[in-house]
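First up is the structure itself, then whatever we jot down about it.
Order of the sequence lines fixes the chain letters, A, B, ..., with proteins taken first and strands second; residue numbering starts at 1 for each chain.
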There are 2 protein chains.
Amino acid sequence: MKDLYKAHSKHYLAVDCVIFGYEDYELKLLLHRRPIEPSKGGWSLMGGFCGNNETLEMAATRVLEQTTGLTDIYLEQVAAFSDPGRDPAARVVSVAFYALIRIDQHDAEKVKNNGAQWWNVNEIPPLIFDHQEIVSKAKERLQMKASLELVGKELLPEKFTLMQLRRLYEAIYQRELDPGNFRKKVLSLNVLEKTNTKNTTESKKGAFNYRFRDDSDQINGHERVIKI
Amino acid sequence: MKDLYKAHSKHYLAVDCVIFGYEDYELKLLLHRRPIEPSKGGWSLMGGFCGNNETLEMAATRVLEQTTGLTDIYLEQVAAFSDPGRDPAARVVSVAFYALIRIDQHDAEKVKNNGAQWWNVNEIPPLIFDHQEIVSKAKERLQMKASLELVGKELLPEKFTLMQLRRLYEAIYQRELDPGNFRKKVLSLNVLEKTNTKNTTESKKGAFNYRFRDDSDQINGHERVIKI
DNA sequence: ACAAAAGTGTTCGGAATACACCCATGT
DNA sequence: ACATGGGTGTATTCCGAACACTTTTGT
């Protein structure tokens with residue numbers, strides 16, 4: 001079929017991934033040194049160009065696999081960034097995604113080869129282009145998501161204690177949460193199930209491990225669920 | 001400067017606008033018959049291609065002015081849609097926006113010349129391509145926005161009664177709201193101010209008109225404000 | 001003994017909900 | 001008179017926030 005849109009201009013289309021991970025009670029973010037010009041060597045989000053036959057989601061997935069070695073990663077679209085001057089080398093429109101991954105599961109070797117490094121989300125270095133703005137928007141989105149449904153399935157190990165989950169929420173919300181109230185609220189959502197195993201590494205008494213229920217995807221409408 | 005990205009493919013970039021308006025107690029949506037092939041004549045969102053030197057927001061603004069005659073329109077980015085087959089004629093990535101406009105203020109002449117028509121948001125005809133999906137996502141976003149802050153400034157006339165505002169929320173939320181509770185909640189937000197004028201067209205007694213306060217943009221963080 | 005997390009219970013205030021009820025007025 | 005929306009008040013319920021308290025166990 002002939003191209004009916006010939007009169008219009010074409011654009012480079014990129015994806016940039018804000019990769020969130022959780023480790024040592026901190027929400028972290030994977031950055032690498034940009035391997036190409038311009039701004040080669042500057043701290044940057046993981047990015048890549050969108051191919052002709054892939055969706056933006058596929059491109060983001062591909063970028064993630066190349067940099068973390070992980071497939072099957074949770075992705076959420078954030079927004080498109082299209083300031084004509086955002087990339088000094090050319091007009092590139094970038095669609096940002098955020099990803100949630102379990103730090104312990106990714107391919108540390110591959111990450112290192114990419115010159116990548118995990119950073120506490122509150123202590124990141126200066127970033128190239130408009131990547132700081134992208135990160136800010138991604139953080140907002142993650143907060144919003146966390147307030148609408150219980151997140152953690154993609155960030156925590158399969159089994160985790162309620163304290164670990166609370167620390168994650170504290171890192172996302174950037175404020176402390178009452179342990180007792182958090183426990184009651186989270187359990188009332190009925191999306192977790194208790195396991196028989198205990199974790200004794202973080203307390204003398206030991207805390208039961210929980211896991212996400214298999215069918216824990218029944219969140220109602222646009223009603224905010226996690227006030228916490 | 002020479003193009004450093006030559007190896008990568010370029011793509012057509014379009015914007016599609018979901019134009020919300022409010023009239024006769026109904027949330028409406030402006031559609032037109034697509035003026036070009038493919039799917040010429042099919043019901044479609046207002047769209048256009050992004051130029052080389054404009055942001056996507058600028059492109060959307062331009063499209064809106066061409067179709068409604070209005071400048072200075074409230075716009076919110078929804079998402080990018082990038083299925084390679086979404087447009088049968090070519091690979092076109094589209095970034096969707098929703099717009100809020102006052103139906104009485106737009107250029108009815110221009111709209112008519114565009115073969116455009118307002119539709120109740122729940123009774124729209126079959127749309128071309130993936131526009132139905134775009135509309136669904138835009139509706140979700142509008143609901144979310146309406147629950148985070150008081151909307152209406154862009155949809156209602158400058159002066160409006162609380163009943164009109166409530167009907168708007170009922171149209172957005174798709175459920176009835178208690179008149180007394182709605183009034184108390186909305187006024188407690190402290191973003192409206194009472195005017196001296198009354199509207200007697202909708203009740204025998206007559207209801208005071210309200211308007212949005214000039215400085216009514218102080219919404220706190222990501223805290224949900226409008227539970228309603 | 002003490003510290004520190006696990007886990008449970010209680011209290012309190014504010015907010016949402018569900019109403020009742022009076023007011024004003026056009027028909 | 002009565003229907004209809006305007007506007008106010010109130011009782012009830014629910015939920016989040018604050019916090020007390022007991023349990024368990026490593027040091």
[X] [atom1] to [N] [atom2], straight-line distance once rounded to whole Å:
X      : N      : atom1 : atom2 : result
A:D178 : C:dA5  : CG    : C1'   : 13 Å
B:K185 : C:dT17 : NZ    : C1'   : 13 Å
A:L189 : D:dC15 : CG    : P     : 12 Å
A:Y173 : D:dG16 : OH    : P     : 11 Å
B:L177 : C:dC19 : CG    : P     : 15 Å

With A:H106 via ring-ring contact (aromatic ring centres under 6.0 Å, His included) - residues at least two apart: A:W118
Quiz question: by atom type and distance under 3.5 Å, do the side chains of [X] and [Y] form a donor-acceptor pair?
X      : Y      : value
B:Q174 : B:N122 : yes
B:Q164 : B:E202 : yes
A:D16  : A:S94  : yes

Pair B:Y22 + B:F160: ring centers closer than 6.0 Å: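 Ring-ring flag for B:Y22/B:F160: false, centres at least 6.0 Å apart.
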Tabulate atom names and distances for all N/O pairs under 3.5 angstrom spanning the protein and nucleotides 4-8 of chain D.
residue, atom, partner, partner atom, Å
D:dG6, N3, B:K205, NZ, 3.3
D:dG7, OP1, B:F208, N, 3.4
D:dG7, OP2, B:R183, NH2, 2.5
D:dG7, O5', B:R183, NH2, 3.2

Is there a side-chain contact between A:Q77 and B:F81 (heavy atoms, below 4.5 Å)? no
